[in-house]
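So that the names make sense, note that chain A is the first sequence line, chain B the second, and so on, each numbered from 1. Nothing here was measured: the structure is a model prediction, and the numbers come from that model.
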2 protein chains.
Amino acid sequence: MSMGPKQAILAEFAGVARALGHAHRLELLEHLGQGERGVDALAARVGLSLANASQHLQQLRRAGLVANRRDGKFIYYRLADDGVTDLLTALRRQSERNLAEVDRIRRGYFADRDSFEPVSREDLLERVASGLVTVLDVRPQDEFGQGHLPGAVNIPLGELQDRLAELDPDREVIAYCRGAYCVFAFEAVAALRAQGRPARRLVDGFPEWKAAGLPVATSF
Amino acid sequence: MSMGPKQAILAEFAGVARALGHAHRLELLEHLGQGERGVDALAARVGLSLANASQHLQQLRRAGLVANRRDGKFIYYRLADDGVTDLLTALRRQSERNLAEVDRIRRGYFADRDSFEPVSREDLLERVASGLVTVLDVRPQDEFGQGHLPGAVNIPLGELQDRLAELDPDREVIAYCRGAYCVFAFEAVAALRAQGRPARRLVDGFPEWKAAGLPVATSF
DNA sequence: TTTATAATCAACTGATCTATTGATTGAATT
DNA sequence: AATTCAATCAATAGATCAGTTGATTATAAA
């Protein structure tokens, strides 16, 4: 066998890549990007059995992508650092660029719901500074609480119809949720536009905002 | 089964990650980063059977990471675009950050050979501009010919001892080769320093230089 | 048309990965 | 000490992956 040092290093890199090589693990990472969580909560959100989620999380841990801590009888997992989000972003960029299948899915589902250009982080910062927009966080309340964009209003998608009154109808809404492919923001923009309100969505989500080093607010 | 659009997209991303999840494929990508190559040449350099290399290359192609073209009876593979190098760099960064094993290998092998700080691309550009350094490309001649740093001198590692006279002993040498873990540059720096000559190495290699959009020279 | 060469394809073995099941560990509660 | 709950561990069956071997396709040359 005897590998040279380069092969040994490449084998380690390959191990990290392989840890990213399963949709369930990517989804776990997306949720962990919102903040730390217990195994049970993650399993429920991603739709996995507890044992299965536990094992996927351990693979991520072996790859150095997540870390965990024990608090009483709960074990909380979190992303190892913001660099993980950067790696996920790089993976997404490359996949979007050269995978026809990604484009097909996006056109077939997402593009129908949002024919308007998404807003970049820079655009959002500018518009917030000029006081022209409402930033809307459509994630569940607990995720909002763990960290959100400064000044954002939290109305989870399911409550949006009932709480429209909370949004000034003359201000443009910029909605965001967990990431570039989280459907909540798409649905929220579609719902608002159906009411004749101006709305667009942030190009990606909270983890990317945080990984970019931009300020984050919490509710605790 | 019925997956939502997000799960379908994540499954595609996972497919790309899985394509990176094997040391042989990462090594193939490293070689493709130097320029396009035929299957036979790649198989020989990476030490794979022809059929095995062919199959790995096809996995990379399905993942949209490489492209190929036919010319006569040869099929030449190349990286799909410079973004692939960026993704590989992101993978390397993350792996270095949180994998104790990578650090151990690096200390055990590489650090022994090069206790001096590597030179960043920006540093190299500055030093070249001030005319103080010789840039040394220690890759094989054919790789040099397909693309190299402007003004670089090509002396493949194996010929370095015999061709020392070609290097001005008073100018610092900055050596580079295929990438951050290519051993050639480490060996070259060690050999030069053993002769009492000032030498350091570029932090990564030719593909990263090219992907950064910096100028590239060719010999054809 | 025959021959040679580059690469892929097909089939197969052994290895690794995924998800489930049930047992086990660790920490808090009774 | 006994109980309860979160999470991991262990064992397993089915699926996918890696690498070899030999056959096949595509192109160029004899």
Side-chain angles (χ1 to χ4, degrees), chain A residues 1-3 7-8 10-29 31-32 36-63 65-78 142, chain B residues 1-3 7-8 10-29 31-32 36-63 65-78 142:
Chain A
M1 255 313 293
S2 101
M3 279 192 283
Q7 279 70 24
L10 290 180
E12 295 293 325
F13 294 176
V16 174
R18 221 170 15 245
L20 298 176
H22 195 291
H24 287 163
R25 286 193 290 272
L26 292 179
E27 200 171 354
L28 286 168
L29 289 172
H31 283 280
L32 289 172
E36 73 170 9
R37 268 185 213 308
V39 179
D40 199 39
L42 285 164
R45 286 189 195 246
V46 179
L48 301 176
S49 73
L50 184 66
N52 195 10
S54 171
Q55 282 167 191
H56 280 302
L57 287 166
Q58 283 171 72
Q59 285 191 51
L60 291 170
R61 197 162 70 91
R62 276 193 294 273
L65 294 168
V66 307
N68 61 9
R69 71 180 174 88
R70 176 155 221 145
D71 179 16
K73 47 185 179 176
F74 292 84
I75 294 179
Y76 293 94
Y77 280 82
R78 63 180 182 279
D142 59 323
Chain B
M1 258 308 301
S2 103
M3 277 190 285
Q7 278 71 22
L10 290 180
E12 295 292 325
F13 293 176
V16 175
R18 222 174 10 249
L20 298 177
H22 195 290
H24 287 164
R25 288 193 290 272
L26 292 179
E27 201 171 353
L28 286 168
L29 289 172
H31 282 281
L32 289 171
E36 74 171 8
R37 275 193 204 306
V39 180
D40 199 40
L42 284 165
R45 285 188 194 249
V46 179
L48 302 175
S49 73
L50 185 64
N52 195 9
S54 171
Q55 282 164 191
H56 280 303
L57 287 166
Q58 284 170 73
Q59 285 192 51
L60 291 170
R61 198 162 71 91
R62 276 193 293 276
L65 295 168
V66 308
N68 61 8
R69 68 181 176 89
R70 175 156 221 144
D71 179 16
K73 48 185 177 176
F74 293 83
I75 294 179
Y76 293 94
Y77 280 83
R78 63 180 181 279
D142 61 320

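The nearest whole Å value for the distance from the CG atom in Leu48(B) to the C1' atom in dA18(D) is 11 Å. The distance between atom CD of Glu36(A) and atom P of dA7(D), rounded to the nearest whole Å, is 12 Å. Taking atom NE2 on His22(B) and atom P on dC17(C), their separation rounds to 10 Å, with Å as the unit. Put simply, CG on Leu50(B) is 13 Å from C1' on dT20(D), counting in whole angstrom units. Protein atom NE2 of His24(B) is 16 Å distant from nucleotide atom C1' of dT16(C), rounded to whole Å. Nucleotide dT8(D) holds its C1' atom 7 Å from the CD1 atom of Ile75(A), rounded to whole Å. Atom CG of Asn68(B) is separated from atom C1' of dA7(C) by 11 Å (rounded to the nearest Å). dA7(D) atom P lies 12 Å from atom CZ of Arg69(A), rounded to whole Å.
Within the 4.0 Å cut-off from OP1 or OP2 of dT8(D), at least one side-chain nitrogen or oxygen of Tyr77(A) is found. Residue Arg25(B) places at least one side-chain N or O under 4.0 Å from the OP1 or OP2 atom of dA18(D).
Between dA27(C), dT20(C), dT20(D), one nucleotide has an atom nearer to the side chain of Ser49(A) than all others, and that is dT20(C). Picking from dT8(D), dA7(C), dC9(C) the nucleotide with the shortest atom distance to the side chain of Ala51(A) gives dT8(D).
Here Leu42(A) contributes atom CG and Leu29(A) contributes atom CG; the two are 10.0 Å apart, rounded to the nearest 0.5 Å. The structure places CD of Gln58(B) at 8.5 Å from CG of Asn68(B), a figure rounded to the nearest 0.5 Å.
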Next item on the list: Just do the side-chain contact (heavy atoms from CB on, under 4.5 Å) check on Arg18(B) and Gln59(B) with the steps written out, would you?
Entry: CA-CA 9 Å; Arg18(B) 222 174 10 249; Gln59(B) 285 192 51; over 6 Å; no
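Here the shortest heavy-atom pairing between Leu32(A) and Tyr77(A) reads CD2-O, 3.4 Å.
Side-chain atoms of Arg70(A) come within 3.5 Å of backbone N or O of Gly72(A) as a donor-acceptor pair.
Proximity of residues 52-63 of chain A to DNA chain D (heavy atom under 4.0 angstrom from any strand atom) is restricted to Ser54(A), Gln55(A), Gln58(A).
Looking at heavy-atom distances under 4.0 Å, Tyr76(B) makes no contact with the nucleic acid at all.
Both Gly21(A) and Asp71(A) lie close to DNA chain C; mapped to their nearest nucleotides by heavy-atom distance, the more 5′-ward contact belongs to Gly21(A).
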